[in-house]
Amino acid sequence: MDVRGSLIEAIQKALLELTLDLSFDEIKLERPANPDHGDWSTNVALAISKTLNRNPRDLASEITAALEHQSPTHVEKIEIAGPGFINFKLEDSWLHDVLTEVVDAGIEDWARHQIGGNQKVIVEFVSANPTGPLHAGHGRGACLGDSVARLYQRCGYSVQRDFYINDRGTQMKLYVESLAAKASDKEIPVDGYKGEYIQEWAAEMPQEADPFEWGYQRALRSHRETLEALNIYFDNWFSERSMVDSGAIEETLADLRNADAVFDSDGAVWLRSTNWGDDKDRVLVKSNGEYTYLLPDVAYHRNKFERAEALVNVWGADHHGYINRMHAAMSALGHKPEDLKIAITQMVRLQRGGQEVKLSKRTGDIVELSEVIEEVGSDAARFTYLLLSVDSSQNFDLELVAQQVNENPVFYVQYAHARIHSIMKKSQEAGITRSPLSETNLSVLNHPSELAILRSLQELPTVVLRSTQEVAPHRITNWSRDFASLFHSFYHDCRVFGEDIDSSTTQARLWLAEAARIGLVISLDLLGVSAPTEMWRDEEGEEING
RNA sequence: GCCCCUGUAGCUCAGCUGGAUAGAGCAACGGACUUCUAAUCCGUAGGCCGCAGGUUCGAAUCCUGCCGGGGGCGCCA
């Protein structure tokens with residue numbers, strides 16, 4: 001059991017002595033921001049004082065007295081502060097235990113959770129129409145979805161990545177018509193696609209090819225290649241058309257009818273989504289007999305629920321109005337809304353040197369995601385897309401991310417990793433071998449910079465958990481920045497080896513570096529960013545990754 | 001008009017499941033390379049947390065209203 005758990009248990013026991021029965025989860029233990037407030041702190045006395053109608057400081061002193069009888073491990077001092085906080089000052093040894101835990105768990109198991117219980121989760125993301133290349137805005141959803149999938153995996157879920165392909169319907173028809181028109185030098189339809197790529201792809205298309213099938217495959221290949229450049233791979237490319245062929249769409253409609261969730265009006269078939277909190281009922285089948293976008297998508301979600309117990313969708317901000325109707329449809333089919341989690345990413349505004357670059361797919365002046373990757377590199381692209389909360393809109397400045405290394409934190413984090421490798425390599429070259437951890441005296445680690453690294457490592461499991469629950473990989477990005485900063489400080493303050501460093505210190509610091517490496521690799525992997533072992537910079541200041 | 005996101009340092013943003021003195025990066029200024037990579041480190045300065053109420057022992061965080069910014073409100077996808 002870690003310190004946190006044993007402290008909470010101790011508090012629980014102390015409360016029982018005062019005939020107060022609180023559950024483990026009711027007792028909050030926090031890491032205070034101010035070091036003067038100790039290593040851990042609880043507000044439990046404040047929280048219960050109201051219902052007991054007692055003075056919180058009196059309660060705190062009674063709880064503290066009961067705690068002191070138990071003398072919990074690592075606890076050096078217990079203090080009451082402010083309105084009634086109970087602060088625990090711990091011996092440094094608790095952090096030395098953290099080091100051992102981290103190294104024992106390793107990259108594989110530190111900050112890994114089993115809360116998923118191998119439950120199947122499908123993360124659906126990107127799902128861009130196969131009507132043209134992915135643009136820069138898709139990058140955010142792509143990086144987010146992939147990172148969320150990695151987070152779920154780390155929390156013990158069995159994850160599949162799904163890409164839903166709208167390979168039928170109006171937009172597809174317009175795309176194919178545009179492509180065919182361009183190929184035969186005819187006028188592109190009024191609402192058609194007019195981007196540069198239409199011309200390029202039309203020129204590639206063999207004369208005898210079926211524009212529909214060829215155009216569809218061409219767009220899919222474009223998507224696949226771009227995503228692979230970001231190291232993103234899908235388990236399922238799910239075709240909308242396939243559900244027409246299999247009858248799944250009609251089955252879905254029948255299921256909705258059986259659930260009394262549809263009605264006919266004005267010659268159209270409607271989903272009674274207002275029954276489940278939507279502002280309007282929604283058309284499923286138009287009066288001309290064609291499906292709207294909604295019905296096949298409902299069928300697709302029905303299919304996903306056949307394959308998994310929980311679903312996560314990553315949608316763009318323009319789809320937010322769609323959440324209610326999809327939840328309504330799933331409720332009608334007997335699923336729980338909380339089993340379909342929908343993350344909305346706010347807009348990405350692409351800029352180049354402060355000048356806005358338009359994202360529109362139909363102006364013909366698009367910036368493709370592949371161009372972004374080419375310009376800034378996969379690592380910088382992923383890190384940048386995952387830097388902000390998805391609730392904030394993002395200005396992604398290509399020039400800044402590609403060139404101004406100082407404003408670009410990805411290199412800062414990767415450099416910390418490269419430095420660790422350099423320490424390992426150089427110490428080996430100096431003839432130092434790392435002795436087993438069990439034979440290493442960690443108590444020499446007492447410099448604030450050393451202890452700060454261990455404190456931060458101790459927090460990573462919590463960060464991972466919250467990141468997953470909140471669909472918020474940016475917490476990982478921010479943790480990795482803060483952690484890299486702590487490592488760089490340590491690097492400066494504490495030399496690992498050299499003439500004036502005794503061998504026991506060298507040994508302990510080598511293990512500290514190893515623990516730091518584990519933390520960095522885990523966090524970078526969750527972001528899908530590489531962890532280079534060397535990074536050098538040439539004389540012009542351009543970065544070169546090794 | 002309705003719905004979603006948002007407003008925190010000059011700029012870009014964390015922090016929001018209520019906690020103690022609100023943080024980081026960049027920009028500005030001043031320091032640190034004979035030593036494991038200076039892509040680094042240390043320091044200084046910089047804040048009515050949009051505004052006004054409310055709840056609370058305690059509010060950047062929760063609630064209400066207002067103001068500003070972005071997005072969405074089709075038998076389009």
Side-chain angles (χ1 to χ4, degrees), chain A residues 28 30 32-34 36-37 41 43 46-47 49-50 55-57 81-85 87 129 131 166 169-172 174 191 240 265-270 279-280 282-288 290-294 296-297 316-324 344-347 349 387-395 397 400 404-409 411-412 414-416 418-427 429-430 432 449 466 469-470 474-475 477-478 481-482 484-485 487-501 506 509 513 534-537 541 543-544:
Chain A
K28 285 189 181 156
E30 291 179 334
N34 186 337
D36 292 345
H37 297 146
S41 173
N43 67 349
L46 287 159
S49 65
K50 179 90 175 177
N55 177 306
R57 279 197 73 110
F85 292 103
N87 295 335
N129 289 347
T131 55
N166 302 118
T170 313
Q171 296 306 319
M172 188 66 193
L174 281 170
D191 296 326
E240 179 182 345
S265 176
D266 302 328
V269 182
W270 298 70
D279 352 324
K280 295 176 200 166
R282 307 291 172 176
V283 173
L284 293 169
V285 185
K286 301 183 218 172
S287 52
N288 67 6
E290 285 174 20
Y291 302 139
T292 61
Y293 176 79
L294 182 59
D297 207 13
D318 53 342
H319 277 64
H320 100 267
Y322 207 71
I323 297 174
N324 280 345
I344 295 293
T345 62
Q346 295 300 313
M347 304 275 292
R349 261 182 291 276
L387 202 48
L388 307 187
S389 156
V390 291
D391 292 336
S392 296
S393 59
Q394 176 168 39
N395 295 314
D397 195 308
L400 233 52
Q404 293 194 14
V405 168
N406 281 346
E407 286 208 18
N408 195 343
F411 300 108
Y412 181 84
Q414 290 182 314
Y415 185 48
R419 274 185 148 174
I420 293 172
H421 270 265
S422 180
I423 291 171
M424 303 296 189
K425 191 173 159 212
K426 287 277 168 60
S427 63
E429 283 168 8
I432 299 165
S449 301
R466 283 196 64 179
Q469 288 165 341
E470 296 170 16
H474 77 282
R475 289 186 183 277
T477 319
N478 281 306
R481 286 175 82 171
D482 292 345
S485 169
F487 183 81
H488 287 308
S489 296
F490 159 76
Y491 184 89
H492 185 264
D493 295 342
C494 305
R495 293 193 66 76
V496 173
F497 62 93
E499 278 174 25
D500 49 347
I501 312 294
T506 294
R509 286 180 177 167
E534 277 182 48
M535 293 169 78
W536 299 100
R537 165 172 245 189
E543 69 280 358
I544 302 168

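Lettering of chains follows the sequences in order, A, B, ..., and the numbering in each one begins at 1.
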Phosphate OP1/OP2 of B:C41: any A:R419 side-chain N/O under 4.0 Å: no
Identified pairing partner of B:G1, criterion: Watson-Crick or G-U wobble below 3.5 Å: B:C73
Pair partner, B:C26 [Watson-Crick or wobble, under 3.5 Å]: B:G10
Side chain A:S287 and base B:C75 donor-acceptor under 3.5 Å: yes
Under-4.0 Å side-chain N/O to phosphate OP1/OP2 contact, A:S392 with B:A14: yes
Trace of the side chain to side chain contact (heavy atoms under 4.5 Å, CB included) decision for A:Y491 with A:S449: CA-CA 9 Å; A:Y491 184 89; A:S449 301; over 6 Å; no
Distance, C1' atom - from B:A27 to B:G72, rounded to whole angstrom: 36 Å
Who pairs with B:U40 - Watson-Crick or G-U, where each distance is under 3.5 Å: B:A32
Nearest-Å distance for atom pair CG/C1', residues A:D279 and B:G72: 11 Å
Complementary nucleotide of B:C66, counting Watson-Crick and G-U pairs under 3.5 Å: B:G50
Stacked pair A:Y412-B:A39, distance under 5.5 Å, angle under 30°: no
From A:L387 atom CG to A:Q394 atom CD, the distance as rounded to the nearest 0.5 Å: 7.0 Å
Sugar-phosphate only, base, or nothing, as touched by A:L387 at under 4.0 Å among non-hydrogen atoms: nothing
Which nucleotide in B:C36, B:C16, B:C41 has an atom nearest any side-chain atom of A:R495: B:C36
Short side-chain N/O contact from A:R475 to OP1 or OP2 of B:C16, under 4.0 Å: yes
Base orientation of B:C33, syn vs anti, 90° cut from 0: syn
N or O in side chain of A:S485 less than 4.0 angstrom from B:A24 OP1/OP2: no
The single option from A:I323, A:D318, A:V390 passing side-chain contact (heavy atoms from CB on, under 4.5 Å) against A:I344: A:I323
Backbone N/O of A:R495 and side chain of A:R509: donor-acceptor pair under 3.5 Å: yes
Separation between the P atoms of B:U17 and B:C11, rounded to whole Å: 26 Å
Among B:G15, B:C76, B:A20, the one nearest A:H474 by side-chain distance: B:G15
Point-to-point distance, once rounded to the nearest 0.5 Å, from CD of A:E240 to CE of A:M172: 10.0 Å
Atom pair distance, as rounded to whole Å: CD in A:Q394 and P in B:C5: 19 Å
Spacing between A:D391 atom CG and B:G7 atom C1', to the nearest angstrom: 14 Å
Options B:C13, B:G72, B:A39, nucleotide nearest the side-chain atoms of A:D318: B:G72
B:G25 and B:U8, which share atom name C1', separated by this distance in whole Å: 15 Å
Phosphate OP1/OP2 of B:G74 contacted by A:K280 side-chain N/O (<4.0 Å): yes
Per A:H488 side chain, nearest of listed nucleotides B:C57, B:C75, B:C41: B:C41
B:A20 base stacked by A:H37 (centroids within less than 5.5 Å, tilt under 30°): yes
Listed nucleotide nearest any side-chain atom of A:K286, set B:A14, B:C75, B:U6: B:C75
Gap in Å between the two C1' atoms, one belonging to B:A39 and one to B:G47, rounded: 31 Å
Integer angstrom distance from the P of B:U40 to that of B:C3: 47 Å
Side chain of A:D36 (C-beta onward), nearest among B:U21, B:A39, B:A14: B:U21
Atom pair distance, as rounded to whole Å: CG in A:L388 and P in B:A24: 18 Å
CA sep, side-chain torsions, deciding dist, call: A:Y322, A:L294, side chain to side chain contact (heavy atoms under 4.5 Å, CB included): CA-CA 9 Å; A:Y322 207 71; A:L294 182 59; 3.2 Å; yes
CZ-CD1 distance between A:F490 and A:I420, expressed to the nearest 0.5 angstrom: 9.0 Å
Closest-nucleotide ordering on RNA chain B, the 5'-leading residue of A:F497 and A:A47: A:A47
Pairing nucleotide - B:A45, Watson-Crick or G-U, each distance under 3.5 Å: none
Any donor-acceptor pair under 3.5 Å from A:T292 side chain to A:L284 backbone: yes
Nearest-Å distance for atom pair CZ/P, residues A:F411 and B:A39: 13 Å
Side chain to side chain contact (heavy atoms under 4.5 Å, CB included) between A:H474 and A:L388, intermediate numbers included: CA-CA 6 Å; A:H474 77 282; A:L388 307 187; 5.7 Å; no
From B:U17, B:A39, B:A20, nucleotide with atom closest to A:F85 side chain: B:A20
5' precedence on RNA chain B between A:N166 and A:R481 (nearest-nucleotide basis): A:R481
Polar side-chain contact A:N34-B:U21 base: donor and acceptor under 3.5 Å: yes
Side chain of A:V496 (C-beta onward), nearest among B:C36, B:U6, B:G71: B:C36
B:C36 to B:C41 separation - C1' atoms, rounded to the nearest Å: 15 Å
Pairwise C1' distance, B:A20 and B:G10 [rounded to whole Å]: 30 Å
Side-chain donor/acceptor of A:H320 to base of B:G71, under 3.5 Å: yes
Distance in angstrom units between A:I344 CD1 and B:C5 P, rounded: 10 Å
A:H492, nearest nucleotide to its side chain (from B:G70, B:C41, B:C75): B:C41
Separation of B:C13 C1' from A:N395 CG (nearest whole Å): 11 Å
Inter-residue atom distance A:L46.CG - A:K28.NZ, 0.5 Å rounding: 12.0 Å
Sugar-phosphate only, base, or nothing, as touched by A:S422 at under 4.0 Å among non-hydrogen atoms: base
Donor-acceptor pair present, A:T131 side chain and B:A77 base, under 3.5 Å: no
Value in whole Å for how far the P atom of B:G58 lies from CG of A:N55: 15 Å
A:K28 side-chain proximity, nearest of B:A39, B:G18, B:G71: B:G18
Spacing of the C1' atoms in B:G58 and B:G74 (rounded, Å): 49 Å
Donor-acceptor pair (no angle test) under 3.5 Å: A:N43 side chain, B:A20 base: no
